[in-house]
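Computed from a prediction, not measured in an experiment: that's the story for all the values here. Sequence lines set the chain letters: A, B, ... in the order given, protein chains first and strands last, and positions in each chain run from 1.
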Number of protein chains: 2
Amino acid sequence: MTTLTPRRRDAAGTRQLLLDAARRRFASQGYSATTVREIADEAGVNVALINRYFSSKEGLFEACLTGADDELGRTVSADVPLDEVPHAIARQLAGPHTGRHPSLLLLLLRSSGDERADEIRLGILRSFAERLAASAGRPPDGPGAEQVLLRAQIALSAALGIALLRSAAAMEPLASAGEDELLEPLQDLIAGLLAGG
Amino acid sequence: MTTLTPRRRDAAGTRQLLLDAARRRFASQGYSATTVREIADEAGVNVALINRYFSSKEGLFEACLTGADDELGRTVSADVPLDEVPHAIARQLAGPHTGRHPSLLLLLLRSSGDERADEIRLGILRSFAERLAASAGRPPDGPGAEQVLLRAQIALSAALGIALLRSAAAMEPLASAGEDELLEPLQDLIAGLLAGG
DNA sequence: CGCTGATGTAAACGCTTGCTGACTTAGTAT
DNA sequence: ATACTAAGTCAGCAAGCGTTTACATCAGCG
């Protein structure tokens, strides 16, 4: 059988260490303000391994995005009723995992300037907005479809903006608001934007 | 008397050229992704003048922020009724000036990492949120004051998120939505978040 | 053992960055 | 004209960047 003791040399393990560290840095500081040496230091790993495992800084960033895509696809299911949407957003913004993973949403706002990476990023955001529109009972097409999608994108904007204001600015009381404190305002926001009319 | 003909060497003029170019670049690409040579080229001015007039890249960024502060104080008055807030936001996001000045709001989301600059930035954002809370009929203190301020900050988050999604992503139909198309959803959002309850 | 491929390390490469100092040019007053 | 100052130019520096190359070390296997 293969070894059960943690290998001192574990390619997949250090790869993951790099991915985690990179995601934290990219999310909190943005792409170009983050240096590969920072990432390597935070991961406790040699700098050259970034290029070995991900070809380039760009490649590492893309890997972070696709990883975020997978995670988002797992946690946020497709057909959640509109009532549950505020819960999901509040959990994503201030859930118990927030310490370790500084809001996956932030990463989706960071651009590297690279075209391919930006396509991935925009693709995730688009599908996010479309799922939101579907939850709002949007018909796949029809007269009001565009309006509902627009409103879903605005709701997504709000979630992303909150993530940014909590992190990049330390705007109180928003920055310290817990999951439950965010829930009520988010419910009213979603209700006004996607349910009422 | 002093000369009335436009001087070919005009310190105040080139200073303003640099400020305008810098604001465009910083807003659209962020601080660290923007190089001083880019700014100088876009302004049609020699690179060294940035350091002459603003001491450093950081100084130029701070000057952009204080300039944005002045402009915001002029355009957005203190006591606008809540009904007018959606108009003001829609105008700021997609008004006729949007081509030249890529949404002042974007600049307020860009961090340079410098402490002083970030204090200025956060100060502008805070006062923005407080004006919003005041429009929502918030009493200066009292039991519900914190909640109203939190909701105002969430409304501000939405505006900032929209600016970001229109620019950094090119998310349709949000990115191409005009002032009038944004107005209705924003009215519903503000109504649900700050008026209703 | 000795060999081999995978994993990690160290040092440097070439390039871009923000910034500087010595210089030239334009405008004005004497 | 001459001298003086403000405004703009130019070449280059030191530092930091992403990346690469050459080397060391370990695991697995005959």
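For the atom pair CG of B/L194 and CG of A/D188, the computed distance is 9.5 Å after rounding to the nearest 0.5 Å. Annotation: the span from A/S167 atom OG to A/Q29 atom CD amounts to 10.0 Å, rounded to 0.5 Å. To the nearest 0.5 Å, atoms CG (B/L65) and CZ (B/R110) are separated by 12.5 Å.
Candidate nucleotides C/dA6, D/dG8, D/dA7 were compared by shortest atom distance to the side chain of B/A11, and D/dA7 ranks first. Here C/dA10 is the nucleotide among C/dG18, D/dG8, C/dA10 with the atom lying nearest to any side-chain atom of A/A48. Of the candidates D/dG18, C/dT20, D/dA7, D/dA7 carries the atom nearest the B/R9 side chain, counting heavy atoms from C-beta on.
Looking at heavy-atom distances under 4.0 Å, A/S32 makes no contact with the nucleic acid at all. Within the nucleic acid shown, A/Y53 comes within 4.0 Å of sugar-phosphate atoms alone, with no base atom in reach, counting heavy atoms only. Using a 4.0 Å heavy-atom criterion, one finds that A/V47 contacts the bases of the nucleic acid, with or without backbone contacts as well.
The nearest whole Å value for the distance from the CD1 atom in A/I39 to the P atom in D/dC17 is 11 Å. If you measure from atom CZ of B/R37 to atom P of C/dG18, you get 7 Å, rounded to the nearest angstrom. Summarising the geometry, the separation between CG on B/N51 and C1' on C/dA22 is reported as 15 Å, rounded to the nearest angstrom. In this structure, the CG atom of A/L18 is 13 Å from the P atom of C/dT7, given to the nearest Å. With rounding to whole Å, B/I50 atom CD1 is found 13 Å from D/dG8 atom P. Going from atom CZ of B/R15 over to atom C1' of D/dG8 covers 16 Å, rounded to whole Å.
For B/T14 and D/dG8, the shortest distance from a side-chain N or O to OP1 or OP2 is below 4.0 Å.
A salt bridge between B/R23 and B/D20 is absent, with no side-chain N of the basic residue lying under 4.0 Å from a carboxylate O of the acidic one.
Between A/L160 and B/L164, every side-chain heavy-atom pair lies at or beyond the 4.5 Å cut-off.
Where A/R52 and A/T35 meet DNA chain D, the nucleotide closest to each residue was compared, and A/T35 sits on the side nearer the 5' end.
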